[in-house]
Undergrad: 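Below: one structure in structure tokens.
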Number of protein chains: 2
Amino acid sequence: MTPPELNNPVVRQSILRQRVEAGGTLVARSLATEFDVSPDTIRRDILTLEETGYVQRVRGGAVPLVARPTPIFSRLVTENPSRDALAEKAVGLTADGMVLLFDGGSTLISLAQKLPTMPNSLVVTSSPAIALASLAKAIPTVLIGGRMSIAGGLAVGAETVKAISQISADLCFLGACALDPESGLWADDFDEAAVKTQICASSARVCVVTTSEKLGRSARHHVIGCKDIDLLVTDATHQAVCAFETEGLELLHVYSA
Amino acid sequence: MTPPELNNPVVRQSILRQRVEAGGTLVARSLATEFDVSPDTIRRDILTLEETGYVQRVRGGAVPLVARPTPIFSRLVTENPSRDALAEKAVGLTADGMVLLFDGGSTLISLAQKLPTMPNSLVVTSSPAIALASLAKAIPTVLIGGRMSIAGGLAVGAETVKAISQISADLCFLGACALDPESGLWADDFDEAAVKTQICASSARVCVVTTSEKLGRSARHHVIGCKDIDLLVTDATHQAVCAFETEGLELLHVYSA
DNA sequence: TTTTAACTTGCAAAAACGTGCAGAATATTG
DNA sequence: CAATATTCTGCACGTTTTTGCAAGTTAAAA
């Protein structure tokens with residue numbers, strides 16, 4: 001690989017920052033070859049990136065700072081009152097006869113487990129856990145296949161997105177890795193972001209269900225802006241979410257202990 | 001799976017931690033191969049993980065420290081000694097690097113839960129429960145989608161069969177609703193029979209795993225004849241299955257208490 | 001019991017790190 | 001334009017981390 005015409009610290013570092021933000025890792029040795037500088041120089045670049053808080057330095061290079069999201073299973077096991085309260089509230093949005101499209105995530109699994117028996121509805125999801133939950137409630141269910149994402153515990157990839165594109169749902173439920181009044185909904189994983197985007201596109205109405213801790217942050221991959229979200233179910237204080245209301249979202253508050 | 005670009009203690013340990021948090025176990029020997037380091041290095045990694053309190057070290061590797069509440073997918077299967085013994089035996093047929101195709105059913109869910117960590121394998125299944133189980137063992141997994149069958153808890157239908165037809169597996173595991181020396185394998189449900197048939201067609205070798213009570217009966221829908229079955233894992237007495245041997249099957253006996 | 005595999009400990013080689021420094025490149029100022 | 005200051009870069013040297021290997025010990029399995 002050829003070095004850029006301008007081989008500044010600034011230029012290099014912005015390239016490196018871009019790469020870690022895309023989820024890549026930085027290998028000092030190969031970067032030295034690529035940029036045609038000594039490993040020391042790359043080390044210094046990484047050093048400043050670490051100071052800025054963009055990367056975590058490790059021996060031989062650096063890795064993204066953001067802790068990779070905990071796999072779905074460990075999130076499943078712990079009971080979580082605020083999550084359950086959210087789920088309880090979101091159940092009220094459903095009605096028998098609806099076609100419901102489900103994203104993955106622990107909150108939505110909890111929601112699926114709380115669904116009533118709806119013999120005329122259809123649940124569509126690429127999350128095995130949600131498919132099992134809805135099936136257990138005797139709700140007709142369509143499972144979307146694909147490569148399983150270890151991070152999210154649901155199927156992702158081109159085939160998955162394509163299959164979802166053939167669905168026309170009345171309402172979809174989305175989990176959030178990050179949600180910001182200005183920039184909208186974000187995901188930690190590229191593939192999951194693509195799935196979420198298609199879910200939105202395939203639904204008449206979009207409902208985001210998230211706990212307050214995800215608000216105001218942003219993650220790596222953008223999904224949709226706030227103007228494309230119809231409903232927001234959250235346990236955040238009214239104060240914390242007033243910015244969302246101006247964006248035209250309908251808010252459903254849950255006040256957890 | 002190939003070792004990560006940055007093969008640090010930090011990187012490795014975070015990967016390992018992730019796996020045990022997902023309920024998986026760490027096998028020093030295979031991890032050494034996977035990360036392309038000596039078993040000593042893996043042992044040292046596990047040692048620090050133990051100091052941090054993340055794992056309990058055992059001979060040959062490590063297991064999760066806390067007996068975590070049973071995740072959603074294992075709750076689907078009630079414990080059953082004879083079934084577990086079958087599953088244990090069938091695990092021995094697998095090896096890292098294989099493409100494994102899984103039918104649904106409780107016996108095979110139990111089998112999937114007992115799989116070792118096989119980073120170079122691929123598990124393909126239309127059963128959500130099996131997909132979750134194999135994913136928990138950090139095995140690359142492809143979920144086959146489709147309409148969910150309430151009876152079998154797995155995806156069925158034309159789309160499912162078509163997707164499976166695009167797979168080329170080394171070995172498949174089939175459950176049985178009925179198995180007869182003369183007529184072969186049978187299923188109770190039309191759609192499930194179609195899936196089973198395609199699973200056989202997409203696999204180089206066919207392994208049927210079933211308890212003795214399914215032998216000698218026949219059910220509603222025919223799947224395949226005995227001559228197309230390569231292996232039979234069962235807990236039936238030798239007497240009960242001698243008829244199968246004449247059909248060219250390889251028998252794997254389990255003698256349960 | 002014997003045998004095999006895994007563990008512990010110690011050690012030495014290799015790789016990477018930190019620091020200081022001097023020359024080159026670039027920017028700033030007169 | 002010239003002089004100066006600042007930044008950037010590569011290198012040398014000593015230190016730390018990481019890793020694989022070998023010898024002796026322990027635990028499991030046959």
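Naming convention: chains lettered A, B, ... in sequence-line order (proteins, then strands); numbering from 1 in each chain. Atom set for the values below is all heavy atoms of this structure, side chains included, hydrogens, waters and symmetry mates excluded.
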Undergrad: Rounded to the Å, how far apart are L26(B) CG and dA6(C) C1'?
TA: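 One finds 16 Å between C1' of dA6(C) and CG of L26(B), rounded.
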Undergrad: What is the distance from CD of E50(A) to P of dC17(C), rounded to the nearest Å?
TA: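 Spelled out: CD on E50(A) to P on dC17(C) is 11 Å.
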Undergrad: Under 4.0 Å between a side-chain N or O of R12(A) and OP1 or OP2 of dT9(D)?
TA: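 For dT9(D), OP1/OP2 do have a side-chain N/O of R12(A) under 4.0 Å.
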Undergrad: Does R43(B) put a side-chain nitrogen or oxygen below 4.0 Å from OP1 or OP2 of dT18(D)?
TA: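 Checking dT18(D) against R43(B), no side-chain N or O comes under 4.0 Å of OP1 or OP2.
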Undergrad: Reckon V10(B) touches a base, only the sugar-phosphate, or nothing at all at heavy-atom distances under 4.0 Å?
TA: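 Contact class for V10(B): none.
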Undergrad: For a quick check, tell me whether the side chain of R59(B) and the base of dA28(D) share a donor-acceptor pair closer than 3.5 Å.
TA: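 Under the 3.5 Å cut-off, the side chain and the base do not form any donor-acceptor pair.
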Undergrad: Name the closest nucleotide to the R57(A) side chain, picking from dG18(C), dG10(D), dA16(C).
TA: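 Nearest to the side-chain atoms of R57(A), counting from C-beta on, is dG18(C).
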Undergrad: Would you kindly give the CG-to-C1' distance between N7(B) and dA14(C), to the nearest whole Å?
TA: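 Whole-Å distance recorded here is 15 Å.
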Undergrad: Can you identify which nucleotide, out of dG10(D), dA16(C), dG20(D), has its nearest atom closest to the S38(B) side chain?
TA: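 The closest nucleotide is dG20(D).
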Undergrad: Tell me whether the OP1 or OP2 atom of dG20(D) has a side-chain N or O from T41(B) closer than 4.0 Å.
TA: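 Affirmative; the distance criterion is met.
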Undergrad: Could you check how far CD1 of I46(A) sits from C1' of dG18(C), rounded to whole Å?
TA: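 These atoms are roughly 15 Å apart.
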Undergrad: Do R44(A) and dG10(D) share a donor-acceptor pair, side chain to base, under 3.5 Å?
TA: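 Flag set: donor-acceptor pair detected.
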Undergrad: Between P on dA16(C) and CD1 on I42(A), what's the gap in Å once rounded to a whole number?
TA: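 Those two atoms, CD1 and P, are 14 Å apart.
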Undergrad: What I want to find out is whether D103(A) reaches K196(A) closely enough, with some N-O distance under 4.0 Å, to be called a salt bridge.
TA: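 Judged by the 4.0 Å cut-off on N to carboxylate O distance, D103(A) and K196(A) do form a salt bridge.
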Undergrad: Taking any heavy-atom pair under 4.0 Å as a contact, classify P39(B): base, sugar-phosphate, or nothing.
TA: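 Contact class for P39(B): none.
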Undergrad: What is the distance from CG of N8(B) to P of dT17(D), rounded to the nearest Å?
TA: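 Answer to the nearest Å: 14 Å.
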Undergrad: Name the orientation class of the two ring planes belonging to F173(B) and F102(B) (parallel below 30°, tilted from 30 to 60°, perpendicular beyond 60°).
TA: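 Taking F102(B) first and then F173(B), their aromatic rings sit tilted (interplane angle of 30° to 60°).
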Undergrad: CG of L47(A) versus P of dC17(C): gap in Å, rounded?
TA: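 These atoms are roughly 10 Å apart.
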Undergrad: Between E182(B) and K227(B) (salt bridge meaning N to carboxylate O under 4.0 Å), is one present in this structure?
TA: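 Looking at E182(B) and K227(B), the cut-off is not met.
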Undergrad: If we ignore hydrogens and angles and just use 3.5 Å, is the side chain of K214(B) paired with the main-chain N or O of L179(B) as donor and acceptor?
TA: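 No; judged by distance alone, with no hydrogens or angles, the pair does not exist.
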Undergrad: When you look at V63(A) and V20(A), which way does the side-chain contact (heavy atoms from CB on, under 4.5 Å) test go after all the steps?
TA: CA-CA 7 Å; V63(A) 294; V20(A) 289; over 6 Å; no
Undergrad: Quick one: D40(A) CG to dC13(D) C1', roughly how many Å, whole number?
TA: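 Answer to the nearest Å: 12 Å.
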